[in-house]
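By convention in this document, chain letters (A, B, ...) are assigned in the order of the sequence lines, proteins followed by strands, and residues within each chain are numbered from 1. Heavy-atom basis, side chains included; hydrogens, waters and symmetry copies ignored.
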Number of protein chains: 2
Amino acid sequence: MTGQPSPYTPHNHKRCIHDALHKARILCRDRGVRLTVLREKVLELVWQSHCPVGAYEILAELTQGESKPAQPPTVYRALDFLQEQGLVHRLSSINAYIGCSRPNTPHHSSFLICTQCRTTFEIEHPSIDQSLKACADDHGFTITDTSIELAGLCTNCRTNRRINKL
Amino acid sequence: MTGQPSPYTPHNHKRCIHDALHKARILCRDRGVRLTVLREKVLELVWQSHCPVGAYEILAELTQGESKPAQPPTVYRALDFLQEQGLVHRLSSINAYIGCSRPNTPHHSSFLICTQCRTTFEIEHPSIDQSLKACADDHGFTITDTSIELAGLCTNCRTNRRINKL
DNA sequence: TAGCGAGGCGTTATAACATAACATTTTTGT
DNA sequence: ACAAAAATGTTATGTTATAACGCCTCGCTA
């Protein structure tokens, strides 16, 4: 199971969002932290996009239809909370945020970010963690946080590009 | 050999800068690209710090003692050139730049960034590349660019912290 | 259930990082 | 020496993120 369902039908996308929110509510309740209306709304907006979203995009969507526009700190604070709880990840190489597909288990994720369609896969593989850990150990370095972001072409875009070239 | 010499004496630091600039000149000459005075100056400033430096820090140092202050594009263009030539790396997780320790060989580097002293090691290990490649292949993903940045504590800082705690 | 304290949010302002667009200068090939 | 291309200067602005302060709300305890 990868973060996003492979065929992006509107239906399973909706279900995907719904599941993520449901998981988040349970997780926050269990931890005794407050998933407020605002925070949940931000989380929903993050999941609504099947690609990573920028903070200011969220801000714009949050403002949609409201009388007074929301301000940056509103979004950033919510994102900070969601990151602390492991519900979203920040992709520093593109300054964007994406819902975490496995919020329950603490983990170091890697991301495959398609430069063409921006679709991003959260991958997790023991061998990556192992080799990084081994490398860090060699240098006496203790890892506390990782940012592993691989840019390139996803299957679809590579195929399409090949077709376009023919 | 890692990017920076382990004991930071002023002497080997100077030699380190000198070597890096020398390598860069040769490399640019061989490639038929122009390492202009400005570009070389920026490269020198990047190396002068034994830690990653921000673009605006470079800008400030560049402006030091000059009548007219330099402007951001001046620095960013130089940095772009240096990155294209593989002479510096950008660390997106901390918005900073660092001299590349192995500019000759094309490679995907990983970085160990100490959150305490900001000292950063450029590491390269076949096993990391391999496991990432394998993982990407599993997803039909073609990697074109990597950003692998591991934050944590370096040997020194971990030791010191332990001492401080006692 | 009143009051208090912490956490969450609104609001204003600004910091930090980066680039677009166009003018001018320098370099290079002919 | 000239024209074209590359590099740099300059002005303005875009984008991302945070500091600081005040008010409000929620949950706890007396």
message = Contact list please: residues 84-96 of chain B against DNA chain C, heavy atoms, distance less than 4.0 Å, in numerical order.
response = B:Arg90, B:Asn95
inquiry  = Is the phosphate of D:dA17 approached by A:Tyr76 (side-chain N or O, under 4.0 Å from OP1 or OP2)?
reply    = yes
message = Using the side-chain contact (heavy atoms from CB on, under 4.5 Å) criterion, which residues pair with A:Cys135? Sequence neighbours excluded.
response = B:Ile123, B:His125, B:Ile128
request  = Write out all pairs satisfying ring pair (Phe, Tyr, Trp, His ring centres under 6.0 Å) with one or both partners inside residues 99-120 of chain A, taking only residues at least two apart or from two chains.
outcome  = A:His89-A:His107, A:His89-A:Phe111
message = Nearest whole Å is fine: how far is C:dC9 P from A:Glu66 CD?
response = 14 Å
ask   = Which pairs count as salt bridge (Lys or Arg N to Asp or Glu O under 4.0 Å) when at least one residue sits in residues 134-149 of chain A, sequence neighbours excluded?
value = A:Lys133-A:Asp137
inquiry  = Going by the rule side-chain contact (heavy atoms from CB on, under 4.5 Å), which residues pair with B:Ala55 if we only count those two or more places apart in sequence or in a different chain?
reply    = B:Val75, B:Tyr76, B:Leu79, B:Tyr97
inquiry  = Rounding to an integer number of Å, can you tell me how far A:Glu40 CD sits from C:dC9 C1'?
reply    = 17 Å
remark   = Rounded to whole Å, the CG-C1' distance (B:Leu59 to C:dA18) equals 12 Å
query = Of all residues at least two apart in sequence or in a different chain, which pass the side-chain contact (heavy atoms from CB on, under 4.5 Å) check with B:Cys51?
reply = B:Ser49, B:Arg118, B:Thr119
request  = Enumerate the residue pairs fulfilling salt bridge (Lys or Arg N to Asp or Glu O under 4.0 Å) with a member in residues 67-87 of chain B, sequence neighbours excluded, ordered by first and then second residue.
outcome  = none
note = Sorted by chain and number, sequence neighbours left out, side-chain contact (heavy atoms from CB on, under 4.5 Å) with B:Lys14 holds for none
Degree of bending in the helix from C:dT1-D:dA30 to C:dT30-D:dA1 once both end axes are built from five pairs, to 10° = 30°
inquiry  = Looking at B:Ser147 and A:Ser147, would you say the former's side chain and the latter's main chain have a donor-acceptor pair under 3.5 Å?
reply    = no
Reading 5' to 3' through nucleotides 8-14 of chain D, protein heavy-atom contacts under 4.0 Å coded B for base, S for sugar-phosphate only, - for none = BBBB---
key: Nearest-angstrom distance from the residue atom CZ of B:Arg31 to P of D:dA6   = 18 Å
ask   = What residues, two or more places apart in sequence or in another chain, satisfy salt bridge (Lys or Arg N to Asp or Glu O under 4.0 Å) together with A:Glu57?
value = none
key: B:Arg34 or A:Asp80, whichever maps to the more 5' nucleotide of DNA chain D   = B:Arg34
request  = Write out all pairs satisfying salt bridge (Lys or Arg N to Asp or Glu O under 4.0 Å) with one or both partners inside residues 25-36 of chain B, taking only residues at least two apart or from two chains.
outcome  = B:Arg25-B:Glu40
request  = Look up atom CZ in B:Arg39 and atom CG in B:Leu43, then write down how far apart they are to the nearest 0.5 Å.
outcome  = 11.5 Å
